[in-house]
Amino acid sequence: MKHYQEYVHELYSALIKLKTEDDCRALLEDLCTYKEVEQMAQRAYAAKLLLEGKTYGEIIAETDISSTTLSRISRSIAHGSGGYKKFIDYDKKGK
């Protein structure tokens, strides 16, 4: 993609302007398909459960997420940029 960095910058700029849940919903509804929002929500929820110490089996049973996607989320939590831990609300009692 020729202007990839410019496009990404524009997206990040839009995201940091969000102030409320309604703002976020409005942008995501316009920007993404219903399925894309659903998949992102599923990943965020699975990350929350992982951070709370739930097992893969428990998370898959509760969310119906694939083991491949759950593994990717787990790797991101362990070795990623820290976004899940910083921005996902979770019960820190287990961690």
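The first residue in the sequence is number 1, and the count goes up from there.
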Report the distance from atom OH of Tyr45 to atom CD1 of Ile73, rounding to the nearest 0.5 Å. 13.0 Å

Who passes salt bridge (charged side-chain N to carboxylate O under 4.0 Å, His left out) against Lys48, sequence neighbours left out? Glu52

Ignoring hydrogens and angles, state whether a donor on the side chain of Glu29 or Tyr34 is under 3.5 Å from an acceptor on the partner side chain. no

Got a donor-acceptor contact below 3.5 angstrom from the Glu36 side chain to the Thr33 backbone? yes

Set out, in order, the CA-CA distance, both residues' side-chain angles and the distance that settles side-chain contact (heavy atoms from CB on, under 4.5 Å) for Thr55 and Ile60, then state yes or no. CA-CA 9 Å; Thr55 67; Ile60 290 168; over 6 Å; no

Answer yes or no: is there a side-chain heavy-atom contact under 4.5 Å between Glu58 and Leu49? no

Measuring from Asp89:CG to Lys92:NZ, what's the distance to the nearest 0.5 Å? 6.5 Å

Once side chain to side chain donor-acceptor pair (under 3.5 Å) is applied, do any residues pair with Ser66, and if so which ones, sequence neighbours excluded? Thr69

Compare every heavy atom of Ile77 with every heavy atom of Ala47, then report the nearest pair and how far apart it is. O-CD1, 4.0 Å

Could you check if a side-chain atom of Glu38 sits within less than 4.5 angstrom of a side-chain atom of Gln42, using non-hydrogen atoms only? no

What distance do Ser74 atom OG and Leu51 atom CG have between them, rounded to the nearest 0.5 Å? 9.5 Å

I'd like to know whether Tyr84 forms a side-chain contact (heavy atoms from CB on, under 4.5 Å) with Leu50, so could you lay out the CA-CA distance, the side-chain angles of the two residues, the decisive distance to 0.1 Å, and finally the verdict. CA-CA 10 Å; Tyr84 281 125; Leu50 272 175; over 6 Å; no

Determine, step by step, whether Ser81 and Lys86 satisfy the side-chain contact (heavy atoms from CB on, under 4.5 Å) criterion, reporting the C-alpha distance in whole Å, the side-chain angles of both residues, the deciding distance to 0.1 Å, and the verdict. CA-CA 9 Å; Ser81 303; Lys86 186 173 182 178; over 6 Å; no

Could you give the side-chain donor-acceptor pairs of residues 4-13 under 3.5 Å, partners two or more places apart or in another chain?
from	atom 1	to	atom 2	distance (Å)
Ser13	OG	His9	O	3.0

With a 4.5 Å cut-off on side-chain heavy-atom distances among I, L, V, M, F, W and Y, is there a chain of contacts connecting Leu28 to Ile88? no

Looking only at side chains, do Ser71 and Arg75 share a donor and an acceptor under 3.5 Å apart? yes

Mind running side-chain contact (heavy atoms from CB on, under 4.5 Å) on Leu27 and Leu15 for me, showing each step along the way? CA-CA 8 Å; Leu27 180 61; Leu15 291 172; 4.0 Å; yes

